[in-house]
Q: 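The structure under discussion is supplied below as structure tokens; questions concerning it will follow.
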Amino acid sequence: MSDSVLVSVDDHIAVITVNDPDRRNAVTFEMSAALRAAVEAAEANPDVHAVIVTGAGKAFCAGADLTALGEATEDGLRKIYDGFLAVAHCTLPTIAAVNGAAVGAGLNLALAADVRIAGPAALFDPRFQKLGIHPGGGATWMLQRGVGPQVARAALLFGMRFDAESAVRHGLALSVAEDPVGAARMLAAGPAGAPRDVVIATKASMRATANPGTVDVDQHGAAVDIELGPQARSIESPEFAARLAAAKRK
């Protein structure tokens with residue numbers, strides 16, 4: 001496992017920590033691949049009944065590394081998505097313990113989990129429009145599913161951000177806790193104490209009955225495909241190139 005992602009397993013709960021606090025856990029290709037590997041290892045481990053995802057240091061995840069994003073083709077974008085899509089597709093119950101800022105792709109990582117627990121310093125910020133790029137990774141679908149069309153449009157079209165309290169108010173987070181990982185562990189004690197096959201089957205049934213006739217991961221995949229072309233074109237634009245150059249000079 002890469003040092004960019006840390007994993008611990010205790011009491012049938014895997015805690016996966018994205019671990020680059022000096023860069024606010026910005027997603028690189030390496031981190032994304034390591035996150036997928038960690039999720040897949042948890043799914044393959046019969047001792048794991050639930051997964052918690054959190055960030056090292058003060059941030060949850062500051063989004064995609066701008067250098068990686070600036071160099072990304074459509075294939076590169078899919079590599080950046082790969083880690084949080086592994087969380088979204090995970091067969092086990094997942095909780096995002098959002099200890100700090102969740103920005104752009106970091107918001108996607110939080111949205112990919114079944115449940116979000118917000119720390120007092122949590123901030124849920126799409127940031128895509130401010131960066132001059134189109135949302136990606138299924139963000140439009142995940143956010144509308146999480147908070148409804150009006151609030152999702154306020155976020156993605158008008159730049160609305162959510163602190164911990166407003167995230168709970170709008171249904172983006174379940175609760176606020178001083179220790180979000182500790183609160184997530186308490187919540188995960190439910191599936192941890194239940195038969196693993198029942199836990200997995202229950203999640204599968206909920207995915208299938210959310211919109212009968214489809215499975216939510218299929219809807220997410222369609223959203224990823226719809227967003228991919230517009231996002232790739234926005235990254236190739238002169239406006240984003242100028243923003244990237246300015247960011248590199250800082």
Side-chain angles (χ1 to χ4, degrees), residues 5-6 8 13-21 23-27 31 35 38-39 50-64 83-88 90 92-128 130 135 137-156 158-192 203 206 220:
V5 173
L6 306 177
S8 65
I13 301 166
V15 178
I16 299 174
T17 304
V18 289
N19 181 46
D20 191 357
R23 298 193 311 128
R24 295 168 57 81
N25 305 317
V27 179
M31 179 184 284
L35 182 55
V39 172
V51 174
I52 296 169
V53 179
T54 193
K58 294 182 178 181
F60 177 72
C61 176
F84 64 74
L85 289 180
V87 175
C90 184
L92 298 168
T94 55
I95 304 170
V98 183
N99 52 302
V103 179
L107 175 59
N108 283 357
L109 176 58
L111 289 169
D114 296 315
V115 172
R116 287 155 292 283
I117 305 292
L123 177 68
F124 300 84
D125 183 359
R127 195 72 66 88
F128 295 107
K130 188 173 182 179
T140 57
W141 177 78
M142 288 192 291
L143 201 53
Q144 290 188 89
R145 177 186 63 167
V147 298
Q150 178 171 245
V151 177
R153 290 175 185 181
L156 293 174
F158 298 94
M160 181 177 177
R161 307 188 302 172
F162 308 85
D163 62 14
E165 296 293 342
S166 65
V168 172
R169 189 164 64 250
H170 290 293
L172 186 55
L174 180 68
S175 61
V176 181
E178 285 292 331
D179 175 7
V181 175
R185 282 187 178 277
M186 291 179 64
L187 187 63
K203 179 165 178 175
M206 294 189 74
H220 193 170

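These figures come from a predicted structure and were not determined experimentally.
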Q: Using the side chain to side chain contact (heavy atoms under 4.5 Å, CB included) definition, which of the options L123, L109, D125 pairs with V103?
A: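 Exactly one option meets the side chain to side chain contact (heavy atoms under 4.5 Å, CB included) with V103, and it is D125.
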Q: What heavy-atom pair brings V181 and I52 nearest, and what distance separates the two atoms?
A: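 That would be O-CD1, 4.4 Å.
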Q: Once you round to the nearest 0.5 Å, how far does CG of L35 lie from CG of N19?
A: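 Between L35 CG and N19 CG, I get 12.0 Å after rounding to 0.5 Å.
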Q: How close do F60 and G106 get, counting heavy atoms only, and between which atoms?
A: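 Distance-wise, the nearest heavy atoms are CE2-O, 3.5 Å.
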Q: Considering residues, nucleotides and ligands other than R153, do more than 12 of their heavy atoms fall under 6.0 Å from its CZ?
A: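 Counting neighbours around CZ of R153, 12 or fewer heavy atoms of other residues, nucleotides or ligands fall under 6.0 Å, so no.
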Q: Looking at every non-hydrogen atom in both residues, tell me the closest pair between A102 and V98 and how far apart they are.
A: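 The answer is CB-CG1, 4.1 Å.
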Q: Please answer whether the main-chain N or O of C90 pairs with a side-chain N or O of K203 as donor and acceptor at a distance below 3.5 Å.
A: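 Such a contact is found between K203 side chain and C90 backbone.
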Q: For a quick test of reading the model, state the closest non-hydrogen atom pair linking A164 to V176 and the distance between them.
A: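 Looks like O-CG2, 3.7 Å.
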Q: Mind checking whether H170 and M160 have side chains closer than 4.5 Å, heavy atoms only?
A: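 Result yes, sub-4.5 Å side-chain heavy-atom pair found.
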Q: Which atom names give the shortest non-hydrogen contact between G137 and H220, and what distance separates them?
A: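 Nearest heavy atoms, G137 then H220: O-NE2, 2.9 Å.
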Q: Among V87, L143, V147, which residue satisfies the side chain to side chain contact (heavy atoms under 4.5 Å, CB included) criterion with L111?
A: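 Among the candidates, only L143 passes.
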Q: Quick one: closest heavy-atom pair of F128 and A105, and the distance?
A: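 Between these two residues, the closest heavy atoms are CZ-N, 4.3 Å.
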Q: Do you know which of V27, L6, N25 makes side chain to side chain contact (heavy atoms under 4.5 Å, CB included) with V18?
A: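 Of the listed residues V27, L6, N25, the side chain to side chain contact (heavy atoms under 4.5 Å, CB included) partner of V18 is N25.
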Q: Check whether any side-chain N or O of T94 sits under 3.5 Å from a backbone N or O of D114 as a donor-acceptor pair, and report yes or no.
A: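 Yes.
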Q: Could you tell me whether a side-chain N or O of N99 sits under 3.5 Å from a main-chain N or O of A59, the two making a donor and an acceptor?
A: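 Checked: pair present.
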Q: Report yes if some heavy atom in the side chain of E178 is under 4.5 Å from a heavy atom in the side chain of P120; otherwise report no.
A: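 Of all side-chain heavy-atom pairs linking P120 with E178, at least one is under 4.5 Å.
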Q: Taking the side chain as C-beta and beyond, is there a heavy-atom pair between R185 and V15 under 4.5 Å?
A: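 A side-chain contact under 4.5 Å exists here.
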Q: Return yes if some donor-acceptor pair links the side-chain N/O of N108 with the main-chain N/O of G138 below 3.5 Å, else return no.
A: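 Answer holds: no.
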